[in-house]
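Remarks on the structure that follows.
Counting begins at 1 with the first residue of the sequence. Keep in mind the model is a prediction, meaning the values are calculated, not measured.
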Amino acid sequence: MATVRVYIRKRAAKDGKYPISICITINRRQEYILTGQKLDSLDQWDEKNQRVKKSHPNATRLNNFLLNELAKANDKALEMEAKGQVSAKEVKTSLKPVEETKVYFCQIADRYLEEQKLCGNYEAHKTDWGRLKRFYEFTSWGKITFPEITVDLLHRYLVHLKQAKKFSYKKDAPPKPLSERTITNHLIIIRTIYNRAITAKLASKDEYPFGAAGKIAIKFPQSSKMGLNEDEIRAIEELDLSDQKPIYNDARNVWLTEFYFAGMRVTDCLLLKWTDFQNGRLYYQMSKNGEHGSVKVPEKAIRIMEQYRHHCSASYNKHNLIFPFLQELVSLDDRYHLRRKIAHSVSRLNNAMEKIMVMIGSTKNASQHKARHSFAQRAEEREIHPKVLQKMYRHESVITTMKYQSNFSFKKADDAIDAVLDF
């Protein structure tokens with residue numbers, strides 16, 4: 001059980017005064033929290049009654065302050081003990097006041113970005129830097145303290161974002177406004193940095209601008225998920241690309257491989273190795289959530305992989321990969337450079353798929369992730385049971401699978417329209 005008492009140091013500090021602390025003891029281990037108050041002499045302290053003597057000019061005020069600090073420490077210790085085993089250090093940490101030194105938003109944000117880079121999260125580092133850069137430009141390059149990030153400032157930032165335009169590498173394409181989801185993501189990164197500052201006791205919860213009841217509420221807009229239909233997929237399969245650059249055939253092959261393997265993500269597809277295939281099945285670990293699984297290898301996928309069989313020699317393909325995009329990397333263990341190379345490869349593949357869609361006469365988006373949507377749409381049309389899809393998608397909960405599949409469920413709505421208009 002915790003004991004909490006007031007403690008005064010018996011040896012003077014450098015300024016010749018005696019600091020007063022709150023001492024927390026749990027399981028014979030002690031932690032001290034400085035109150036910021038000091039006495040000029042030990043003679044001003046009543047050790048028996050744990051209070052400042054009346055001879056001190058501010059005795060009443062000091063004693064009331066110490067009683068208040070003592071009560072806060074006692075309440076916190078009891079509250080934490082009621083939830084389970086706790087140490088004196090944990091109680092002290094929970095009571096640690098927010099540091100009074102001026103901390104700028106950019107300091108915490110830059111530290112967050114550096115951590116993303118050190119963890120090898122290339123895409124997160126790149127996208128979050130782009131979002132933070134906009135906020136930096138809006139706030140004198142992040143030289144803003146957390147109390148200055150008010151609801152009013154964020155409202156003005158929202159207006160700024162709605163007037164902003166997307167950056168485009170295509171010179172002939174007119175700039176487009178930011179989507180609602182992109183604007184939401186800009187707010188999420190600010191909230192993430194603010195939460196980190198609160199956890200580090202560098203910002204106060206009392207001034208937190210996010211939440212309900214007059215604060216900034218972050219809501220995820222409904223996104224549209226549309227896959228390719230059967231005719232479009234067949235057109236991609238049968239398209240003659242013999243006169244095109246090799247990247248077009250590679251883009252098609254990667255996209256179709258993702259589709260054939262239950263909407264496999266492009267990162268996992270580019271990292272496929274010949275050794276992942278055993279006894280007519282694919283065994284691999286999903287990079288997003290670390291889940292292991294196995295899926296049957298369709299005949300169509302085998303025909304694609306056979307096109308890359310000549311890359312198998314150890315001198316040419318030291319990483320034993322099926323697709324050639326990552327072969328030039330020295331190591332696949334350097335996560336940051338691996339993710340950067342994957343991002344650049346995906347950009348090339350998506351550009352090629354965009355042109356392929358024009359070739360088949362379609363205006364749909366066929367980025368690599370759309371292969372996943374296309375499989376989900378096809379599965380919904382064929383009424384595949386959610387439990388089966390849950391295992392194929394490696395979802396922890398079937399509810400996640402059902403929510404995902406609901407994006408492609410149109411039959412009941414279509415039947416309802418037909419029923420209403422049938423006259």
Side-chain angles (χ1 to χ4, degrees), residues 165-182 222-270 298-308 322-325 342-384 404-415 417-418 421:
K165 303 293 183 183
K166 288 182 180 179
F167 175 78
S168 176
Y169 288 100
K170 298 178 181 178
K171 296 180 180 179
D172 56 337
K176 297 180 180 180
L178 303 181
S179 68
E180 285 298 317
R181 180 54 196 256
T182 300
Q222 187 72 25
S223 58
S224 174
K225 292 180 172 62
M226 183 188 300
L228 273 58
N229 60 36
E230 181 180 342
D231 292 337
E232 290 163 332
I233 295 170
R234 184 178 289 109
I236 291 174
E237 290 176 324
E238 297 173 354
L239 183 63
D240 183 5
L241 294 172
S242 57
D243 294 335
Q244 303 294 330
K245 294 179 181 179
I247 185 63
Y248 289 93
N249 188 52
D250 289 336
R252 172 174 60 183
N253 286 342
V254 171
W255 195 97
L256 289 173
T257 300
E258 293 160 8
F259 175 74
Y260 296 153
F261 288 126
M264 172 186 280
R265 291 181 175 85
V266 64
T267 295
D268 297 324
C269 189
L270 295 182
E299 182 62 34
K300 289 183 175 183
I302 293 174
R303 288 199 294 268
I304 286 178
M305 290 187 294
E306 286 301 319
Q307 297 178 38
Y308 299 90
I322 291 176
F323 295 106
F325 297 94
I342 288 174
H344 292 169
S345 299
V346 171
S347 179
R348 292 181 63 211
L349 293 170
N350 286 342
N351 288 335
M353 283 304 299
E354 184 179 346
K355 293 180 174 63
I356 285 174
M357 294 305 287
V358 173
M359 294 179 196
I360 66 170
S362 173
T363 58
K364 282 187 182 178
N365 176 6
S367 66
Q368 295 302 312
H369 197 66
K370 291 297 181 180
R372 188 171 181 83
H373 293 171
S374 300
F375 182 89
Q377 182 171 301
R378 184 79 171 142
E380 190 65 29
E381 291 168 356
R382 291 302 180 96
E383 299 182 347
I384 307 299
Y404 180 67
Q405 287 299 123
S406 68
N407 292 285
F408 311 98
S409 180
F410 309 118
K411 188 176 186 301
K412 289 183 179 180
D414 293 348
D415 291 346
I417 290 176
D418 289 342
L421 300 182

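Note: Leu349 CG to Tyr248 OH = 12.0 Å, rounded to the nearest 0.5 Å. How far CD1 of Ile236 is from CG of Leu228: 5.0 Å, rounded to the nearest 0.5 Å. In this structure, OG1 on Thr257 lies 12.5 Å from CG on Asp268, to the nearest 0.5 angstrom. Going from atom CD1 of Ile322 over to atom CD1 of Ile304 covers 10.5 Å, rounded to the nearest 0.5 Å. To the nearest 0.5 Å, atom CG of residue Asn253 and atom CE of residue Met305 are 11.0 Å apart. Interatomic distance, CE of Met264 versus SG of Cys269, reported as 6.0 Å (0.5 Å rounding).
The minimum heavy-atom distance between Ser179 and Lys166, with the atom names listed, is N-CE, 4.2 Å. Taking all atoms of both residues into account, the shortest heavy-atom contact from Phe261 to Pro298 is CE2-CD, 3.6 Å. For Lys370 against Asn365, the heavy-atom pair with the smallest separation is CG-O, 3.3 Å.
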| request: Report the C-alpha separation of Ile356 and Leu241 in whole Å, then their side-chain angles, then the decisive distance to 0.1 Å, and conclude whether the side chain to side chain contact (heavy atoms under 4.5 Å, CB included) test is met. | output: CA-CA 9 Å; Ile356 285 174; Leu241 294 172; 4.2 Å; yes
| request: Could you please spell out the steps behind the side chain to side chain contact (heavy atoms under 4.5 Å, CB included) verdict for Tyr404 and Arg372? | output: CA-CA 11 Å; Tyr404 180 67; Arg372 188 171 181 83; 3.5 Å; yes
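Side-chain atoms of Lys364 come within 3.5 Å of backbone atoms of Gly227 as a donor-acceptor pair (strictly under, hydrogens ignored). Judged purely by atom type and a 3.5 angstrom limit, Glu232 uses its side chain to pair as donor or acceptor with the backbone of Asn229. The closest donor-acceptor contact from the side chain of Ser362 to the backbone of Met357 lies at 3.5 Å or more, if one exists at all. A donor-acceptor contact shorter than 3.5 Å links the side chain of Gln405 to the backbone of Ala376. Of the possible polar contacts, one joining the Asn350 side chain to the Gln368 backbone as a donor-acceptor pair under 3.5 Å is found. At distances below 3.5 Å, at least one donor-acceptor pair connects side-chain atoms of Arg252 with backbone N or O atoms of Leu239.
The shortest distance between side-chain heavy atoms of Asn249 and Gln244 does not fall below 4.5 Å. Counting heavy atoms from C-beta outward, Tyr260 and Ile302 have side chains that stay 4.5 Å or more apart. At least one side-chain heavy atom of Phe325 sits under 4.5 Å from a side-chain heavy atom of Val254. Within the 4.5 Å cutoff, no side-chain heavy atoms of His344 are placed close to those of Arg348. Within the 4.5 Å cutoff, the side chain of Ser374 has heavy atoms near those of the Trp255 side chain. Counting only heavy atoms from C-beta outward, the side chains of Lys165 and Leu178 never approach each other to under 4.5 Å. Under the 4.5 Å side-chain criterion, counting only non-hydrogen atoms from C-beta, Leu256 is in contact with Ile233.
Looking at Tyr308 and Asp250, their side chains do bring a donor and an acceptor atom within 3.5 Å of each other.
Atom CD of Glu306 has more than 12 neighbouring heavy atoms from other residues, nucleotides or ligands inside a 6.0 Å radius. Heavy atoms of other residues, nucleotides or ligands lying less than 6.0 angstrom from CE of Met359 number more than 12.
Classification of the Phe375-Phe259 ring pair by plane angle, with boundaries at 30° and 60°, yields perpendicular.
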